[in-house]
Amino acid sequence: MRSKPLLRVRKTGALMVAAVLAFVSGVPLAGVSWAWSLILLVPVAFFVWAWRAGTDVYADRLRVRALFGNTTVPWERITELAPDPSGQISALLDNGNVIRLTAVTTDNLSRVLAAGGQEVGHSD
């Protein structure tokens with residue numbers, strides 16, 4: 001099932017810029033000794049996380065990506081999408097588990113639902 005996602009929701013690009021700035025700022029410190037050069041791994045890992053982490057929307061599923069690994073959830077298993085106090089969206093699954101949808105917020109939830117062909121239901 002290798003297909004292109006209909007929508008890719010990612011973290012802001014400002015995080016990658018911050019990682020590059022942290023890397024450049026750490027280069028003089030890393031030049032002191034090999035032990036200090038390990039400090040450069042932190043901004044590199046942060047950059048990779050900011051570039052990779054997010055939610056891919058397909059017609060039949062969501063794929064939530066993290067720094068290492070990903071989780072694929074068919075739309076049929078999602079019973080509810082709900083925001084937390086900070087506006088981040090989590091998916092409640094039919095087995096009671098909750099998955100936080102990386103980079104999906106109340107601001108872009110309508111785009112995610114539209115891309116996945118999902119209707120918005122209202123609870124009474």
Side-chain angles (χ1 to χ4, degrees):
M1 255 176 36
R2 304 271 309 173
S3 61
K4 291 189 81 164
L6 301 171
L7 176 67
R8 291 178 190 257
V9 183
R10 296 291 183 262
K11 298 280 190 180
T12 177
L15 293 175
M16 289 188 281
V17 172
V20 170
L21 290 175
F23 183 86
V24 170
S25 299
V27 168
L29 186 60
V32 173
S33 73
W34 277 104
W36 282 103
S37 66
L38 295 176
I39 201 163
L40 295 177
L41 294 178
V42 174
V44 168
F46 188 77
F47 180 89
V48 172
W49 169 79
W51 171 70
R52 179 174 158 69
T55 301
D56 295 337
V57 181
Y58 298 86
D60 60 340
R61 67 193 184 280
L62 292 175
R63 185 172 67 178
V64 182
R65 298 174 54 154
L67 179 59
F68 300 109
N70 62 69
T71 302
T72 301
V73 181
W75 280 108
E76 300 85 39
R77 293 211 39 225
I78 299 173
T79 59
E80 182 179 348
L81 296 173
D84 64 14
S86 67
Q88 297 293 312
I89 302 296
S90 294
L92 176 63
L93 305 182
D94 56 4
N95 63 2
N97 290 341
V98 175
I99 296 177
R100 189 171 198 176
L101 303 180
T102 307
V104 178
T105 64
T106 52
D107 293 336
N108 59 18
L109 178 59
S110 60
R111 288 181 40 225
V112 169
L113 292 172
Q118 304 300 306
E119 294 182 23
V120 178
H122 298 283
S123 59
D124 295 327

A.B. asks: Take Val104 and Val57, measure what side chain to side chain contact (heavy atoms under 4.5 Å, CB included) needs, and give me the verdict at the end.
C.D. replies: CA-CA 11 Å; Val104 178; Val57 181; over 6 Å; no
A.B. asks: Tell me whether Thr55 contacts the main-chain N or O of Thr102 through its side chain, where contact means a donor paired with an acceptor under 3.5 Å.
C.D. replies: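 Looks like yes, one N/O pair under 3.5 Å.
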A.B. asks: Kindly give the heavy-atom pair with the smallest separation between Ser37 and Ala30, and that separation in Å.
C.D. replies: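 That would be CA-CB, 3.5 Å.
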A.B. asks: Show your working on side chain to side chain contact (heavy atoms under 4.5 Å, CB included) between Arg100 and Val64 and close with a plain yes or no.
C.D. replies: CA-CA 8 Å; Arg100 189 171 198 176; Val64 182; over 6 Å; no
A.B. asks: Run the numbers on Trp75 and Leu113 for side chain to side chain contact (heavy atoms under 4.5 Å, CB included), then give the verdict.
C.D. replies: CA-CA 10 Å; Trp75 280 108; Leu113 292 172; 4.3 Å; yes
A.B. asks: Quick check: is Phe23 connected to Phe47 through a chain of hydrophobic side chains (ILVMFWY, heavy atoms under 4.5 Å apart)?
C.D. replies: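 They do not share one cluster, since no chain of ILVMFWY contacts under 4.5 Å joins Phe47 to Phe23.
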A.B. asks: Got a second to check how far Leu62's CG is from Arg77's CZ, nearest 0.5 Å?
C.D. replies: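 Separation between the atoms: 12.0 Å.
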A.B. asks: First locate atom OG1 of Thr71, then atom CG of Leu101, and finally report the distance between them rounded to the nearest 0.5 Å.
C.D. replies: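 That separation rounds to 10.5 Å.
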A.B. asks: On a heavy-atom basis, which atom in Pro43 and which in Ala22 lie closest, and how many Å separate them?
C.D. replies: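 What the structure gives for the nearest pair is CB-CB, 3.9 Å.
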A.B. asks: State which residue, out of Lys4, Arg61, Arg10, fulfils the side-chain hydrogen bond (donor to acceptor under 3.5 Å, both in side chains) condition with Asp56.
C.D. replies: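 Exactly one option meets the side-chain hydrogen bond (donor to acceptor under 3.5 Å, both in side chains) with Asp56, and it is Arg10.
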A.B. asks: When you measure from the side chain of Trp36 to the backbone of Pro28, do you find a donor-acceptor pair of N or O atoms at a distance under 3.5 Å?
C.D. replies: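 Looks like no, no N/O pair under 3.5 Å.
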A.B. asks: Is Asp107 reaching over with its side chain to a backbone N or O of Gly87, donor-acceptor style, under 3.5 angstrom?
C.D. replies: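 No, because the side chain of Asp107 does not come within donor-acceptor range (under 3.5 Å) of the backbone of Gly87.
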A.B. asks: Has Arg52 got a side-chain atom pairing as donor or acceptor with Gly69's backbone, closer than 3.5 angstrom?
C.D. replies: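 Yes; judged by distance alone, with no hydrogens or angles, the pair exists.
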A.B. asks: Looking only at heavy atoms, what is the nearest atom pair of Arg111 and Leu7, with distance?
C.D. replies: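 Looks like NH2-CD1, 3.3 Å.
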A.B. asks: Under a 4.5 Å side-chain heavy-atom rule over Ile, Leu, Val, Met, Phe, Trp and Tyr, are Phe68 and Trp49 clustered together?
C.D. replies: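 Yes, same cluster.
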A.B. asks: From the options Thr79, Asn97, Ile99, Ile78, select the one residue that forms a side chain to side chain contact (heavy atoms under 4.5 Å, CB included) with Leu92.
C.D. replies: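 That would be Thr79; it is the only one of Thr79, Asn97, Ile99, Ile78 passing the side chain to side chain contact (heavy atoms under 4.5 Å, CB included) with Leu92.
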A.B. asks: Might you point out which heavy atoms bring Val9 and Ala103 nearest each other, and give the distance in Å?
C.D. replies: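 Closest approach of Val9 to Ala103: CG1-O, 3.2 Å.
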A.B. asks: Rounded to the nearest 0.5 Å, what's the gap from CD on Gln88 to OG1 on Thr105? Could you check?
C.D. replies: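 Nearest 0.5 Å value for the CD-OG1 distance: 6.5 Å.
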A.B. asks: From the options Leu67, Leu15, Val20, Leu41, select the one residue that forms a side chain to side chain contact (heavy atoms under 4.5 Å, CB included) with Phe46.
C.D. replies: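 Exactly one candidate clears the test, Leu15.
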A.B. asks: What is the minimum heavy-atom distance between Ser90 and Val98, and which atoms define it?
C.D. replies: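 Closest pair (atom of Ser90, atom of Val98, distance): CB-CG1, 3.7 Å.
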A.B. asks: Might you confirm whether atom CH2 of Trp51 has over 12 heavy atoms from other residues, nucleotides or ligands at distances under 6.0 Å?
C.D. replies: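 Counting other residues, nucleotides and ligands, CH2 of Trp51 stays at 12 neighbours or fewer.
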